[in-house]
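Here is the naming used below: chain letters follow the sequence lines, and residue numbers restart at 1 for every chain.
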Protein chains: 2
Amino acid sequence: MVIHYKEKSFFTSKDLALSVIGGRWKIAIIWCLLQQSPLRLSEIQKYLPDVNQRMLIRQLRELEEDQIITRVVYPVVPPKVEYQLSEIGLQLEPVVTSICDWGDHFRAFLDENTDKKSVE
Amino acid sequence: MVIHYKEKSFFTSKDLALSVIGGRWKIAIIWCLLQQSPLRLSEIQKYLPDVNQRMLIRQLRELEEDQIITRVVYPVVPPKVEYQLSEIGLQLEPVVTSICDWGDHFRAFLDENTDKKSVE
DNA sequence: GGAAATACTGACATTTTTGTCACTATAAAC
DNA sequence: GTTTATAGTGACAAAAATGTCAGTATTTCC
């Protein structure tokens, strides 16, 4: 987010990571590609119906530039393009998993701490 | 980021988590408080000199609202306020750790794949 | 000859996030 | 009585991210 690692060299590991995966939809995209791979653009759109196409493409481009995903174009008509995680991209699995896990914990925590009155 | 869980109920765990920890400086703040706790505002500022105070306070407020951190005010002059991670906040440790770890991997990856010409 | 499918791009508008500046309160120390 | 320290707030400006709309290319199908 904001300052990209290509413009700054004195980053902590955490800031470096966040500059790459911090985009609004990037974790979601990586999550999709961990579920199934490769995926075509139109398939990713089905997974993520809330993202508009323009935005999705932009985030995919950035991930490609950062070498997190690979993009393979098949010279056919109508066009076919496949996206998949690179080797370094696949290594993001623990990040995505820990985020999902914590989200589960947090949801349970919210459920516990909400509407206590209605129980009593 | 953007849509907060308080305004939307049909979130995936991942989106729920990201709506809470997705802010520009939140992982950094959580990282600080995992290193040392409690911390006063002025101490967090020393850890994170790039964040301006206004921004830092805003992110702290949001984390507090989301119950990730606790804020204890001591009624003294000059004021003293201590921040620390809540129980659910402490459980973010694997998230921060996996991000840092991946950042390390990614840096190594970048180092390997940069300036190959100068080596040959 | 026109529509359909896929994966885009460009220009621009809007929204969200982040940053800046000036300002507050309080009591103790000098 | 002025300065110092800490932890803020309010109003606003700037920057960044995201979204919208219209348009492109290609070939096959009808």
Side-chain angles (χ1 to χ4, degrees), chain A residues 1-8 15 18-30 32-33 37-66 69-84, chain B residues 1-8 15 18-30 32-33 37-66 69-84:
Chain A
M1 316 129 123
V2 181
I3 298 173
H4 195 265
Y5 69 86
K6 284 174 182 167
E7 279 120 50
K8 197 176 171 185
D15 294 333
L18 290 174
S19 83
V20 170
I21 61 170
R24 177 96 167 72
W25 302 106
K26 288 186 185 171
I27 292 287
I29 292 170
I30 292 161
C32 288
L33 291 171
S37 195
L39 284 173
R40 303 179 63 171
L41 176 66
S42 51
E43 293 170 324
I44 300 177
Q45 284 187 275
K46 277 170 209 155
Y47 270 102
L48 305 176
D50 289 346
V51 197
N52 73 74
Q53 199 190 36
R54 190 81 178 78
M55 202 55 227
L56 186 56
I57 290 167
R58 275 194 280 227
Q59 302 267 304
L60 286 166
R61 285 285 173 285
E62 289 180 12
L63 288 170
E64 192 195 350
E65 273 173 38
D66 291 338
I69 63 175
T70 59
R71 177 171 169 271
V72 178
V73 182
Y74 295 89
V76 295
V77 168
K80 175 174 177 177
V81 177
E82 283 185 345
Y83 294 93
Q84 61 187 311
Chain B
M1 313 133 125
V2 181
I3 297 173
H4 195 265
Y5 69 86
K6 284 173 182 165
E7 280 120 51
K8 197 177 172 185
D15 295 333
L18 291 175
S19 83
V20 170
I21 61 170
R24 178 94 167 73
W25 301 105
K26 288 186 183 169
I27 292 286
I29 292 169
I30 293 160
C32 288
L33 290 171
S37 193
L39 283 174
R40 302 179 63 172
L41 176 66
S42 51
E43 293 170 323
I44 300 177
Q45 285 188 273
K46 277 170 209 155
Y47 268 102
L48 305 176
D50 288 347
V51 197
N52 72 74
Q53 199 192 33
R54 190 81 179 79
M55 204 52 226
L56 186 55
I57 290 168
R58 276 194 280 226
Q59 302 268 302
L60 285 166
R61 285 282 173 287
E62 291 181 10
L63 288 171
E64 191 196 350
E65 274 173 38
D66 291 337
I69 62 174
T70 59
R71 177 170 169 272
V72 179
V73 182
Y74 295 89
V76 295
V77 168
K80 175 172 175 177
V81 177
E82 283 186 345
Y83 295 93
Q84 60 186 311

Novice: Expressed as a whole number of angstroms, how long is the span from B/Glu62:CD to C/dT16:P?
Specialist: 13 Å
Novice: Ignoring the backbone of B/Pro79, work out which of C/dC8, D/dG8, D/dT6 is nearest its side chain.
Specialist: D/dT6
Novice: Taking side chain as C-beta onward, heavy atoms only, is A/Glu62 less than 4.5 Å from A/Lys26?
Specialist: yes
Novice: Looking only at non-hydrogen atoms, find the nearest pair between A/Tyr47 and A/Cys32 and report the distance.
Specialist: CB-SG, 3.4 Å
Novice: Backbone N or O of A/Trp25 within a donor-acceptor pair of the A/Gln59 side chain at under 3.5 Å?
Specialist: yes
Novice: Less than 4.5 Å apart, side chain to side chain, heavy atoms only: is that true for B/Leu60 and B/Ile44?
Specialist: yes
Novice: At under 4.0 Å between heavy atoms, what does A/Arg40 touch on the DNA or RNA strands: base, sugar-phosphate, or nothing?
Specialist: sugar-phosphate
Novice: Distance criterion of 3.5 Å, no angle test: do you see the side chain of A/Arg58 paired donor-to-acceptor with the base of D/dG19?
Specialist: yes
Novice: Could you state the atom-to-atom distance from CG of B/Asn52 to P of C/dT17 in whole Å?
Specialist: 16 Å
Novice: Let me know the distance between CD of B/Gln53 and C1' of C/dT20, rounded to the nearest Å.
Specialist: 12 Å
Novice: In whole angstroms, how far is the P atom of C/dA5 from the CD atom of A/Gln45?
Specialist: 14 Å
Novice: Figure out the CD/C1' separation between A/Glu43 and C/dC8, and round it to whole Å.
Specialist: 16 Å
Novice: Taking only the side-chain nitrogens and oxygens of B/Ser42, find out if one of them lies under 4.0 Å from OP1 or OP2 of D/dA7.
Specialist: yes
Novice: Is there side-chain contact between A/Ile30 and A/Ile69, with at least one heavy-atom pair below 4.5 Å?
Specialist: no
Novice: Whether the side chain of A/Arg54 and the base of C/dG10 hold a donor-acceptor pair under 3.5 Å is what I'd like checked.
Specialist: yes
Novice: Is A/Tyr74 near enough to D/dT26 that one of its side-chain N or O atoms lies under 4.0 angstrom from OP1 or OP2?
Specialist: no
Novice: Nearest whole angstrom, please: distance from the C1' of C/dT6 to the CG of A/Leu56.
Specialist: 14 Å
Novice: Which part of the nucleic acid, if any, lies within reach of A/Ile57 when heavy atoms closer than 4.0 Å are counted: base, sugar-phosphate only, or nothing?
Specialist: base
Novice: Which is more 5' along DNA chain D, the nucleotide nearest A/Pro78 or the one nearest A/Val51? Just name the residue.
Specialist: A/Val51
Novice: From CG of B/Leu41 over to P of D/dA7, roughly how many Å is that when rounded to an integer?
Specialist: 5 Å
Novice: Would you please confirm or rule out a distance under 4.0 Å between OP1 or OP2 of C/dC8 and any side-chain N or O of A/Tyr83?
Specialist: yes
Novice: Mind checking A/Glu82 for me? I need base, sugar-phosphate or nothing, with any heavy atom below 4.0 Å counting as a touch.
Specialist: nothing
Novice: What is the separation between atom CG on B/Leu60 and atom P on C/dT17, rounded to the nearest whole Å?
Specialist: 17 Å
Novice: May I ask you to verify if any side-chain N or O of A/Arg61 is less than 4.0 angstrom from the OP1 or OP2 atom of C/dT9?
Specialist: yes
Novice: How do A/Val73 and A/Val77 order along DNA chain C: which one's closest nucleotide is nearer the 5' end?
Specialist: A/Val77
Novice: Considering only heavy atoms from C-beta outward, does the side chain of A/Val51 approach that of A/Arg24 to under 4.5 Å?
Specialist: no
Novice: Can you tell me if the side-chain N/O atoms of B/Gln59 get under 4.0 Å from OP1 or OP2 in C/dT18?
Specialist: yes
